[in-house]
Amino acid sequence: MTAVIETPVIQVVGLTKTYGAVRALDGLDLSIPRGGVYGVLGPNGAGKSTLFRILLGLIRATDGTASVMGGAVTEVAHMRRMGSMIETPRFPPYMTARQVLRWLALEHGIGAATDIPHWLQKVGLTEAADRKVRGFSVGMMQRLGVAASLMSRPELVILDEPTSGMDPPGIQEMRALIRSLADEDGVTVVLASHQLLEVQRVCDRVAILNKGKLVREGAVSELTAVGERLRLTVGPIDKALAVLGAKGTRDGAAVMADVRRDEGPALIRALVEAGVDIDEARWVGTDLEAIFFTETGAVQTPETIHAG
Ligand code: ATP
């Protein structure tokens, strides 16, 4: 039996883009697997939008190769299998959401007009379908933009900053929409975002770019599991620390246990046997934000820390 090797949806080798003296992409190598939600992260100017623009055939690379679903980015047949939203979309303000999608279907041949109710429902715009987009919030416009990108029933959707300018309920709705595209419709979603906590919640894998190069790549669960410790809210704390010995440290009203996952159950048994009451036991790892700042050398300020 031969093993089936899935072609990555996006494969980039030595991709370089220069604007005069600026190297927006500097020999970038990246492979994005099919399925799930993939986040591309990086500080301002890291090259995220440049990468997306090349993948969408909007600009040409200076050097290197980029393929999408096994074909060169310039092949029209491959481009038809992807959808995108790379800026907050603009639609004719006098049209309703339904008219916008009809206009795309009938005038531009993107998707079938009969699918429109389905896409409106998918992005949560059924109620607002017959309202003029002039009065739409940023979040509603972004959702209509996603509906427009889905009209051609793409296998891959590229979204640049899909939650920018949104309020927390809007972000939550967009997160649910993105997850359902991947989990229910089997669409591969590739997104760029500055909202690291959001990325950690919605993405399966991430790539961190800095100065046009890849500095870190991996599954979010694996990246954040590094340095994982067990945080225990217990009483009395002194008794718990005595059981833990060198593996325990006090962290405010809790205790941090420097143990591996497979040592957790035995540790909890030992604590209970020693008469320690356990209120809560929770694994805490590194968060994406800490990895981001380490990898990119970006300066952490109170604003950036809470930007997510
Ligand atoms: P942001 O997070 O701010 O959107 P980004 O990671 O998307 O940033 P890019 O927009 O790809 O970064 O820009 C990468 C670099 O290329 C930056 O230094 C930018 O100033 C430069 N650049 C991008 N487009 C152009 C252009 N059309 N002309 C000149 N320089 C450009």
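Because the structure is a prediction, the values reported are computed rather than measured.
Shown here is Glu280, whose CD atom has more than 12 heavy atoms of other residues, nucleotides or ligands within 6.0 Å.
Side chains of Leu120 and Arg98 form a contact here, defined as non-hydrogen atoms less than 4.5 Å apart. Considering only heavy atoms from C-beta on, Met69 stays 4.5 Å or farther from Thr7 through its side chain. No side-chain heavy atom of Ile32 sits less than 4.5 Å from a side-chain heavy atom of Pro8. Counting only heavy atoms from C-beta outward, the side chains of Ile10 and Val190 approach each other to under 4.5 Å. Inter-residue side-chain proximity for Leu30 and Tyr38 is flagged as met; some heavy-atom pair is nearer than 4.5 Å. Residues Ile116 and Arg102 are in side-chain contact: their nearest non-hydrogen atoms beyond the backbone lie under 4.5 Å apart. The side-chain heavy atoms of Leu144 and Val133, taken from C-beta on, include a pair separated by under 4.5 Å. Contact annotation: the side chain of Gln142 never approaches that of Phe136 to less than 4.5 Å [non-hydrogen atoms, C-beta and beyond].
With hydrogens and angles disregarded, no donor-acceptor distance shorter than 3.5 Å links the side chain of Thr188 to the backbone of Leu156. Remark: side-chain polar atoms of Gln200 are not paired, donor with acceptor, to backbone N or O of Leu197 under 3.5 angstrom. Formation of a donor-acceptor pair under 3.5 Å by the Asp29 side chain with backbone atoms of Gly14 is found in this model. Of the possible donor and acceptor atoms, one in the side chain of Glu263 sits under 3.5 Å from a partner among the backbone N and O of Arg260. For Gln11 (side chain) and Ser31 (main-chain N/O), no donor-acceptor pair under 3.5 Å exists by modelled atom type. Between the side chain of Arg231 and the main chain of Met256, no donor-acceptor pair closer than 3.5 Å is present. With hydrogens and angles disregarded, no donor-acceptor distance shorter than 3.5 Å links the side chain of Arg205 to the backbone of Val37. Asp251 places no side-chain N or O within 3.5 Å of a backbone atom of Ala254 that could act as its donor or acceptor partner. Not one N or O on the side chain of Thr18 forms a donor-acceptor pair closer than 3.5 Å with the backbone of Gly20. Checked by atom type and distance alone, the side chain of Lys48 pairs as donor or acceptor with a backbone atom of Pro43 at under 3.5 Å.
Of all heavy-atom pairs spanning Asn210 and Glu295, the tightest one is ND2-O, 4.2 Å. Across Gly70 and Ser67, no two heavy atoms sit closer than the pair C-CB, 4.5 Å. Across Ala128 and Ala97, no two heavy atoms sit closer than the pair O-CB, 4.2 Å. Looking at every heavy atom in both residues, Val100 comes nearest to Phe91 through CG1-CD2, 3.5 Å. Nearest heavy atom pair, residue Met95 against residue Trp103, reads CE-CG, 3.7 Å. Taking every heavy atom of both residues into account, Lys17 and Arg60 meet most closely at NZ-O, 2.8 Å.
Using a cutoff of 4.0 Å between basic side-chain nitrogens and carboxylate oxygens, Arg153 and Asp115 are scored as salt-bridged. Salt bridge absent: Asp277 and Lys239 never bring a charged side-chain N and a carboxylate O closer than 4.0 Å. Arg34 and Glu155 are joined by a salt bridge, as a carboxylate oxygen and a charged side-chain nitrogen come within less than 4.0 angstrom of each other. Using a 4.0 Å cut-off between charged nitrogen and carboxylate oxygen, Asp26 and Lys211 do not count as a salt-bridge pair. Classification of Asp258 and Arg229 as a salt-bridged pair fails, no side-chain N sitting under 4.0 Å from a carboxylate O.
Inspection of the Ser49 and Asp160 side chains reveals an N or O donor paired with an N or O acceptor under 3.5 Å. Using modelled atom types, one finds no donor on one side chain facing an acceptor on the other under 3.5 Å when comparing Glu198 with Thr163.
Here CE of Met174 is found 7.0 Å from CG of Leu159. Values are rounded to the nearest 0.5 Å. Separation of atoms CG (Asp167) and CD (Glu173) is listed at 8.5 Å; rounding is to 0.5 Å. For the atom pair CZ of Arg81 and OG of Ser152, the computed distance is 11.5 Å after rounding to the nearest 0.5 Å. Atom CG of Asp204 sits about 7.5 Å away from atom CG of Asp183, to the nearest 0.5 Å. Separating the CG atom in Asp63 from the CG atom in Leu15 is a distance of 8.5 Å, to the nearest 0.5 Å. Interatomic distance, Leu41 CG to Thr296 OG1, rounded to the nearest 0.5 Å: 9.5 Å.
By the criterion of side-chain heavy atoms lying less than 4.5 angstrom apart, applied directly or through intervening Ile, Leu, Val, Met, Phe, Trp or Tyr residues, Val13 is not grouped with Ile59; the two fall into different hydrophobic clusters. Under the 4.5 Å side-chain heavy-atom criterion for ILVMFWY residues, a single connected hydrophobic cluster contains both Ile278 and Leu244. Val272 and Val276 fall within the same hydrophobic cluster, where Ile, Leu, Val, Met, Phe, Trp and Tyr residues are linked whenever their side-chain heavy atoms come under 4.5 Å apart, directly or through other members.
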Working note: Ile178 + Val146, criterion side chain to side chain contact (heavy atoms under 4.5 Å, CB included); need CA distance, chi angles, decisive distance, verdict.
CA-CA 9 Å; Ile178 289 171; Val146 174; over 6 Å; no
Using the rule given for side chain to side chain contact (heavy atoms under 4.5 Å, CB included), can you reason through Val206 versus Leu288, listing the C-alpha separation, both sets of side-chain angles and the distance that settles it, and then say yes or no?
CA-CA 9 Å; Val206 292; Leu288 213 47; 4.1 Å; yes
What do the steps show when you test Met140 against Arg131 for side chain to side chain contact (heavy atoms under 4.5 Å, CB included), and what is the final call?
CA-CA 11 Å; Met140 290 164 85; Arg131 277 168 51 191; 3.9 Å; yes
Would Leu177 and Val123 count as a side chain to side chain contact (heavy atoms under 4.5 Å, CB included) here? Give the steps.
CA-CA 7 Å; Leu177 170 60; Val123 301; 3.8 Å; yes
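With sequence neighbours excluded, no residue satisfies ring pair (Phe, Tyr, Trp, His ring centres under 6.0 Å) with Trp283.
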Determine all donor-acceptor pairs shorter than 3.5 Å in which one atom belongs to a side chain in residues 50-58; sequence neighbours excluded.
{"unit_1": "Arg53", "atom_1": "NH2", "unit_2": "Glu87", "atom_2": "OE2", "d": "2.9"}

